[in-house]
Amino acid sequence: MRNSNPIELAINSQKSRLYFQHVRWHGKRKCPRCNYRYINHLSDENSRYSCKRCRYVFNDFTCTYLGRLRISFDIISHLLYLFVLGVPAYRIRWYVSISLATIERTFRIFRQAIYHSIVEEISHLKLSGQIEIDEALFGGRKRGGKRGWGSIEHKNLVFGIYKRNGIVITFPVSDRQHQTLIPLIQQHTRKGSLYYTDDHTAYATLSLIGKHNSIYHGNKEYVREDTHINRIEGFWSYAKNWLYIYRGVPREYFHLYLFEGN
C-alpha cells in the first residue's frame with residue numbers, strides 16, 4: 001500500500017481502518033496470542049476474529065495503542081484528524097460526544113505511539129557531517145523566580161543534535177554536564193564529524209572525537225563565517241511556538257509533546 005497523507009486518512013474512517021489493517025497485518029492476519037494463521041471471522045460490526053487453535057477473540061487493534069481506547073473508530077478517526085491539525089484537546093470538547101478527560105487520554109495515547117516509534121528510530125541513528133549542538137529550557141517563568149539557567153529546577157531541559165541540511169534529534173536530560181551530554185553525542189554522531197557549539201564547558205573535549213568550532217556567546221559572538229548554531233536555535237523557537245498553543249504541558253508528559261513536534 002502506498003504511503004498515505006495522514007489528514008486524508010483521518011477525515012475518512014473507512015480509509016483509516018483499511019490503512020491500519022494493512023500496517024498491522026500486511027495481508028497476513030494471525031492470532032496475536034499464539035501467532036496461529038487460521039482464524040474465524042466473527043460476523044459482528046466490530047470485525048472480531050477467533051483463533052482456531054487457542055480460541056482467543058481479538059480484533060484488528062488488539063495489543064496496539066488503538067486497542068487501548070474504548071470509543072468508536074469513527075470518533076478515533078475524527079480525533080486523529082484534529083490531532084494532526086494540532087488542535088488542543090480543550091478546544092475540541094464542545095464538538096465531540098465524549099468528555100475532555102477521554103479526549104486528553106486519547107491524545108496521550110497518540111503521543112505515546114509517536115514517542116516510542118521515534119525512540120526506536122533514533123536508537124540506532126548516527127548523524128555525520130556538519131552538526132550543531134545546543135541545549136534549551138522549556139517552561140514558563142515562575143512568578144518572582146529566576147530567569148535563564150538560574151531557573152533550571154523549574155523547567156524542562158532539552159539537549160539537541162542537528163545535522164545541517166538534515167534532521168534534528170532531541171533528548172530530555174536532567175542536567176547539562178559533560179558526563180550527561182558527551183555520551184549522547186558519541187552514541188548518535190559519527191566520529192570525525194564537524195561539531196558547532198557555544199562556549200559551554202561541557203563541550204571542551206569534542207575535539208577528541210572530531211573537529212570542533214565554538215561560538216563565544218559570553219563575548220556576544222553569534223556568527224563567525226560558517227561557525228554558528230543558528231539553525232538549532234531556530235528549531236528551539238519552532239518547538240516552543242508549537243508547545244505554546246497547549247497553554248502549559250504537564251511535566252510528566254513533556255517528553256511526549258516534545259517528540260510530537262520533532
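- Scored by the side-chain contact (heavy atoms from CB on, under 4.5 Å) test, V23 finds Y19 as partners (sequence neighbours excluded).
- Residues meeting the salt bridge (Lys or Arg N to Asp or Glu O under 4.0 Å) test with R29, sequence neighbours left out: D60.
- A202 and R176 make their closest contact through CB-O, 3.6 Å (heavy atoms, listed as atom of the first residue, atom of the second, distance).
- Among residues two or more places apart in sequence or in another chain, the salt bridge (Lys or Arg N to Asp or Glu O under 4.0 Å) test is passed with R164 by E132.
- The two residues C34 and C51 make their nearest non-hydrogen contact at SG-SG, 3.6 Å.
- Taking 4.5 Å as the limit, some side-chain heavy atom of N156 sits within range of a side-chain heavy atom of R251.
- Ring-centre distance between Y246 and Y257: below the 6.0 Å cut-off.
- A donor-acceptor pair under 3.5 Å is absent between the side-chain atoms of K163 and the main chain of V168, judged by distance alone.
- Hydrophobic cluster membership is shared by Y81 and F83, with clusters built from Ile, Leu, Val, Met, Phe, Trp and Tyr side chains linked at under 4.5 angstrom.
- Shown here are the salt bridge (Lys or Arg N to Asp or Glu O under 4.0 Å) partners of R111, two or more places apart in sequence or in another chain: E260.
- Listed here is the closest heavy atom pair of T189 and K126: O-NZ, 3.7 Å.
- Atom-to-atom distance recorded for L69:CG and T106:OG1 is 4.5 Å, nearest 0.5 angstrom.
- Residue Y49 shares its hydrophobic cluster (ILVMFWY side chains chained together at separations under 4.5 Å) with W25, I39, Y56, F58.
- No side-chain donor-acceptor contact under 3.5 Å links R231 and Q130.
- Contact check for D199 versus N219: no side-chain heavy atoms found under the 4.5 Å cut-off.
- Hydrophobic clustering keeps F107 apart from Y90 (ILVMFWY residues linked when any side-chain heavy atoms are closer than 4.5 Å, directly or through intermediates).
- Counting side-chain heavy-atom gaps under 4.5 Å among Ile, Leu, Val, Met, Phe, Trp and Tyr, the cluster of Y38 also holds Y36.
- Here Y222 contributes atom OH and E233 contributes atom CD; the two are 9.0 Å apart, rounded to the nearest 0.5 Å.
- Residue L258 comes nearest to P172 through the heavy atom pair CD2-CG, 4.0 Å, listed as atom of the first residue, atom of the second, then distance.
- The heavy-atom pair separating K191 from I209 by the smallest distance is CG-O, 3.3 Å.
- Residues satisfying the ring-ring contact (aromatic ring centres under 6.0 Å, His included) criterion with H200, sequence neighbours excluded, are Y203.
- With rounding to the nearest 0.5 Å, the separation of CD1 in I161 from CG in L184 is 6.5 Å.
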Assess the residue pair I229 and I215 against the criterion (side-chain contact (heavy atoms from CB on, under 4.5 Å)); give the C-alpha distance rounded to whole Å, side-chain angles, the decisive distance to 0.1 Å, and a yes or no.
CA-CA 8 Å; I229 54 173; I215 282 293; 5.7 Å; no
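- Applying the ring-ring contact (aromatic ring centres under 6.0 Å, His included) criterion to H116, with sequence neighbours excluded, gives no partner residue.
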Go through it in stages, so that I can follow the logic: the residues are F110 and L66, the test is side-chain contact (heavy atoms from CB on, under 4.5 Å), and I'd like the CA-CA distance, side-chain angles, deciding distance and then a yes or no.
CA-CA 8 Å; F110 290 164; L66 293 183; 4.0 Å; yes
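- A heavy-atom distance below 4.5 Å is found between the side chains of L206 and I182.
- Note that CG of N40 is 5.0 Å distant from NZ of K52, once rounded to the nearest 0.5 Å.
- Between H22 and H26, the angle of the ring planes goes over 60°, which puts this pair in the perpendicular group of the 30/60° scheme.
- Between the side chain of K240 and the backbone N or O of G139, no donor-acceptor pair lies under 3.5 Å.
- Under the rule for a ring-ring contact (aromatic ring centres under 6.0 Å, His included), H124 has no partner lying at least two apart in sequence or in another chain.
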Stepwise side-chain contact (heavy atoms from CB on, under 4.5 Å) check, Q112 with L256
CA-CA 6 Å; Q112 287 171 346; L256 302 181; 3.9 Å; yes
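- No single ILVMFWY cluster, assembled from side-chain heavy atoms under 4.5 Å apart, contains both Y196 and Y216.
- Residues I71 and I76 meet the side-chain proximity criterion, which asks for heavy atoms closer than 4.5 Å.
- The aromatic rings of F138 and F254 sit tilted relative to each other, their planes meeting at an angle between 30° and 60°.
- Atoms CZ and CG, on F159 and L181 in that order, are 5.0 Å from each other to the nearest 0.5 Å.
- Aromatic ring orientation, Y115 versus H255: perpendicular (interplanar angle above 60°, classes split at 30° and 60°).
- With H188 contributing its side chain and L127 its backbone, the two residues share no donor-acceptor pair below 3.5 Å.
- Atom-to-atom distance recorded for N213:CG and H228:NE2 is 11.0 Å, nearest 0.5 angstrom.
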After noting the C-alpha distance and the side-chain angles of W236 and V158, does the key distance pass the side-chain contact (heavy atoms from CB on, under 4.5 Å) rule?
CA-CA 9 Å; W236 297 139; V158 180; 3.8 Å; yes
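- Partners of R24 by side-chain contact (heavy atoms from CB on, under 4.5 Å), not counting sequence neighbours, listed by chain and number: P32, C63, T64.
- No hydrogens or angles considered: a donor-acceptor pair under 3.5 Å links the side chains of N59 and T62.
- Under a hydrophobic-cluster definition in which Ile, Leu, Val, Met, Phe, Trp and Tyr are linked whenever side-chain heavy atoms come within less than 4.5 Å, directly or via other members, I122 and F235 are assigned to the same cluster.
- Annotation for D226: atom CG does not count as buried by contact number, only 12 or fewer foreign heavy atoms lying within 6.0 Å.
- For Y195, the ring-ring contact (aromatic ring centres under 6.0 Å, His included) criterion is met by no residue, not counting sequence neighbours.
- Following chains of ILVMFWY side-chain contacts shorter than 4.5 Å, one can reach I131 starting from I169, so the two form part of one hydrophobic cluster.
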Pairs of donor and acceptor atoms involving the side chains of residues 95-104, under 3.5 Å and at least two apart or interchain, shall be tabulated with distances.
from	atom 1	to	atom 2	distance (Å)
S99	OG	T102	N	3.2
S99	OG	T102	OG1	3.0

